[in-house]
Structure formats: C-alpha cells, structure tokens
Amino acid sequence: MRSRRVRTVRRLLALPVLAALLTGCGIRATEVPTDFGPAPSRVRCSLSEPDVSPQAARGLPVQVFLLCGSSLVAVDRTVRVPDGTADSGRRVLVAQGLLDQLAATPSPAEREAGYTTDVRGGMTVSGPRPLDPEDALRLSTAPGDLTSYALAQLVCTFSDSTAAEGDGSVVLGGPDGEPLRRYECTNDVRTRPGSTEPPSGEVAGS
C-alpha cells in the first residue's frame, strides 16, 4: 500500500515538469481559447486597391499630399483643364484644382487607411498681379494664416505640379498685395510637416 501511494505522489509531481517540457518544445498540453482582437483591416497609410471614388474621375492626372500618421503622403487625383487653355490660365486652373482636391474629404478607403487633410474648403487661388513674377500664385488666405500642416500640404502639392516651375519650389502670396515668398518642399517638410515649416525666402521686387 505504501509503495502504491509513493508511485501516485511521484506521478502527480511529474505532471508540472511534463507540462513545462511540452511548452518548451512548442506543444501546449491544453488548448485554451484566446482573443487577441480583430485583425487590422488595412495597413496604415497603404492603399491596396485603386481609388475609384469621384475624386479619381477622368482628367489631368496629378498628385496631392495628404496627411497620414505624422507625414505627408502623395495620392493620385485628377483635375479638369479645358483643352486649348493658355499656359498662364492653365497654371491657375491646375492650382485651383489641386487646392480643391486637398480640401475635399478623403475617400472612404483613404480614411480607413488613416489619411486626413488640414486644408479647409472655400480657399481660392489666382495668378500673378502686375509686377508679380509670372510664376506667382496668390491665395485668398495668406500663407502665414494657414496651419503648418496645411501650408506644407499646399507647398509640396503645388511645387510637384505644373502649377509651379517644377524645381521643388512655388511662389505664394496672400490676397492683399503682401510680399511674395518662394517656398520649398524638402524631405524634412514631408516627414515632419507639423514641426518643420517649408523653407522660404522673399521674392525680390514683390
């Protein structure tokens, strides 16, 4: 009888050791249901499917910079420019189209992926005034009155388009004849638009 009790005790003591060995080998002794929450439906700042929203209607292919996470990310858009438009008028139409796209609410797929915009609707853009350089764009809201995010979105979007000279910069001013400034879209602006303002310099003679 005593030897049987000893064997029973030894078996009970061996069970935790066996369980530890099985776990160490990647084998679970029992299956316990676990719930780690739902799997993410989309990788943040990644659009795996083409955007078929009204924002992607037929027209001139362009890109605009939206906010995602803490950075600027380019997304595809189109703007309407009538055939036969003169170059000077074309620049302004493209700029206004880009501005409208920046102010528009991102598509459902973009919102799901984390895209937002800080550019508010109702803003307009016009071409140069007399004595302004021919590549100048004047906004109905002074650049200095925009948030750092909105200004970064505008500068990087305009400077990367036919609305500017294509050299990574754009000349912007406000509506009241204030001096024009040439703004640059740099890598720091694209990666930290909330804390890094676009470098700029006053345009001579404006």
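- To the nearest 0.5 Å, the span separating CG on D118 from OG on S148 amounts to 7.5 Å.
- Between D135 and R182 there is a side-chain heavy-atom pair separated by less than 4.5 Å.
- Between T117 and L66, the closest side-chain pair of non-hydrogen atoms falls below 4.5 Å.
- With contacts defined as side-chain heavy-atom distances shorter than 4.5 Å, the pair P198/V189 qualifies.
- Heavy-atom minimum distance, L180 versus A136: CD1-CB, 3.7 Å.
- For the pair T186/P199, a side-chain contact is recorded, criterion being any heavy-atom separation below 4.5 Å from C-beta on.
- Between the CG atom in L154 and the OH atom in Y183 there is a gap of 10.5 Å [rounded to 0.5 Å].
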Item to complete: Evaluate side-chain contact (heavy atoms from CB on, under 4.5 Å) for T157 paired with Q101, printing each intermediate quantity in order.
Response: CA-CA 10 Å; T157 296; Q101 293 291 350; over 6 Å; no
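- The line from CG of D167 to CG of D160 is 11.0 Å long, rounded to the nearest 0.5 Å.
- Panel note: side chain R111, backbone P106; a donor-acceptor pair is recorded below 3.5 Å.
- Hydrophobic clustering, with ILVMFWY side chains joined whenever heavy atoms are under 4.5 angstrom apart, keeps L67 apart from L98.
- Salt bridge annotation for R181-E197: absent, with no cationic side-chain nitrogen under 4.0 angstrom from a carboxylate oxygen.
- Y115 and F65 fall into different hydrophobic clusters, where Ile, Leu, Val, Met, Phe, Trp and Tyr are joined by side-chain heavy atoms under 4.5 Å apart, directly or via other members.
- With R77 contributing its side chain and Q63 its backbone, the two residues share no donor-acceptor pair below 3.5 Å.
- Residues C156 and R190 meet the side-chain proximity criterion, which asks for heavy atoms closer than 4.5 Å.
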Item to complete: List the steps, then state whether side-chain contact (heavy atoms from CB on, under 4.5 Å) holds for L102 with M123.
Response: CA-CA 10 Å; L102 285 170; M123 191 163 26; over 6 Å; no
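- When side chains are defined from C-beta on, S169 counts as touching E184, because their heavy atoms get closer than 4.5 Å.
- Smallest separation of non-hydrogen atoms from V73 and C68: CG2-CB, 3.9 Å.
- Linking ILVMFWY residues whenever their side-chain heavy atoms come closer than 4.5 Å, directly or via other members, places Y149 and L72 in the same cluster.
- Applying the side-chain contact (heavy atoms from CB on, under 4.5 Å) rule to V81 yields the partners L60, V79, T85, R90, L93, V94; only residues at least two apart in sequence or on another chain are considered.
- Scored by the side-chain contact (heavy atoms from CB on, under 4.5 Å) test, A95 finds V125, L137, F158, A163 as partners (sequence neighbours excluded).
- S71 approaches T191 most closely through the heavy-atom pair OG-O, 3.3 Å.
- Under the 4.5 Å side-chain heavy-atom criterion for Ile, Leu, Val, Met, Phe, Trp and Tyr, L172 and V119 are members of the same hydrophobic cluster.
- Here the side chains of T141 and R120 are not in contact, with every heavy-atom distance at 4.5 Å or above.
- Annotation for T162 and R91: closest pair O-CG, 3.7 Å, computed over non-hydrogen atoms.
- No donor-acceptor pair closer than 3.5 Å links the side chain of S159 to the backbone N or O of V170.
- P133 and V171 make their closest contact through CG-CG1, 4.5 Å (heavy atoms, listed as atom of the first residue, atom of the second, distance).
- With rounding to the nearest 0.5 angstrom, the CG atom of L99 is 7.5 Å from the OG atom of S140.
- Of all the heavy atoms in G69 and C45, the pair that sits closest is N-SG, 4.0 Å.
- Side-chain N or O atoms of D176 include none that pairs as donor or acceptor with a backbone N or O of E178 at under 3.5 Å.
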